[in-house]
Amino acid sequence: DAAPLAIRQLVAARVPILAGTDVPATGTTYGASLHKELEHLVDAGLTPTAALAAATSATARAFRMTDRGRVKTGMRADLLLVDGDPTKQIRDTSKIVAIWKRGVRVQRAS
């Protein structure tokens, strides 16, 4: 498969890897499809931590969004609480327990 090779080459060339979903592309759902994209990045050779950074701090840095991308006082505070450790098993990102948007806990749709 060419995708894992391309990802390895980009990483070796120190090109920032960014994660996100292109909605409304066929077969994608805003937000939810990102979990699968993270899995693909890990399958292509990124560590789970690097894949998480691709969806958070690396993307914020690339788009110069200084108020998000990290957990830190004064930041935007869009957070997921998950059951598990996505730095060890990236699929744990989909085991969502709670969501905070701009620092306020929100209810998930059933």
Side-chain angles (χ1 to χ4, degrees):
D1 191 4
L5 174 60
I7 293 291
R8 285 193 297 275
Q9 289 172 329
L10 290 167
V11 169
R14 303 177 73 69
V15 173
I17 304 298
L18 308 181
T21 53
D22 296 329
V23 175
T26 303
T28 61
T29 303
Y30 181 72
S33 295
L34 183 59
H35 301 287
K36 195 64 172 169
E37 183 168 345
L38 294 173
E39 289 180 34
H40 288 311
L41 288 173
V42 170
D43 290 345
L46 266 66
T47 65
T49 301
L52 291 168
T56 56
S57 58
T59 300
R61 190 170 28 262
F63 288 98
R64 296 182 179 95
M65 294 184 281
T66 59
D67 66 336
R68 61 197 81 188
R70 295 173 298 153
V71 178
K72 183 178 175 185
T73 301
M75 300 298 260
R76 184 176 159 136
D78 293 340
L79 303 168
L80 293 180
L81 174 64
V82 299
D83 181 15
D85 183 352
T87 66
K88 304 269 188 281
Q89 177 52 258
I90 199 65
R91 286 183 181 87
D92 287 349
T93 63
S94 63
K95 298 177 184 175
I96 300 170
V97 174
I99 302 169
W100 284 264
K101 193 169 187 175
R102 295 186 179 222
V104 177
R105 188 169 176 173
V106 296
Q107 289 300 116
R108 292 185 70 194
S110 300

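Taking hydrophobic clusters as Ile, Leu, Val, Met, Phe, Trp and Tyr residues chained together by side-chain heavy-atom distances below 4.5 Å, Trp100 does not share a cluster with Ile96. A continuous path of Ile, Leu, Val, Met, Phe, Trp and Tyr side chains, each step under 4.5 Å between heavy atoms, connects Leu79 with Val97, placing both in one hydrophobic cluster. No continuous path of ILVMFWY side-chain contacts below 4.5 Å connects Val11 to Leu52, so the two sit in separate hydrophobic clusters. Hydrophobic clustering (side-chain heavy atoms under 4.5 Å, transitive across Ile, Leu, Val, Met, Phe, Trp, Tyr) groups Ile99 together with Val82. The hydrophobic cluster containing Leu18 also contains Met65, counting ILVMFWY residues as joined when their side-chain heavy atoms lie under 4.5 angstrom apart, directly or transitively.
Separation of atoms OG1 (Thr93) and CD (Glu39) is listed at 7.0 Å; rounding is to 0.5 Å. How far CZ of Arg70 is from OG1 of Thr56: 10.5 Å, rounded to the nearest 0.5 Å. With rounding to the nearest 0.5 angstrom, the CG atom of Asp85 is 10.5 Å from the NZ atom of Lys95. Note that the OG1 atom of Thr47 and the CG atom of Leu41 stand 10.5 Å from one another [nearest 0.5 Å].
Under the 3.5 Å distance criterion, the side-chain polar atoms of Asp67 are left unmatched by any main-chain donor or acceptor of Met75. Without hydrogens or angle criteria, Glu37 side chain to Ala19 main chain gives no donor-acceptor distance under 3.5 Å.
The two residues Asp92 and Pro86 come nearest to each other via the heavy atoms CB-N, 4.0 Å. Thr87 approaches Pro48 most closely through the heavy-atom pair O-CB, 3.4 Å. Of all heavy-atom pairs between Ala51 and Ile90, the closest is CB-CD1, 4.3 Å. Heavy-atom minimum distance, Arg105 versus Ala98: NH2-CB, 3.4 Å.
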Side chain to side chain contact (heavy atoms under 4.5 Å, CB included) between Leu46 and Ile17, intermediate numbers included: CA-CA 9 Å; Leu46 266 66; Ile17 304 298; 4.1 Å; yes
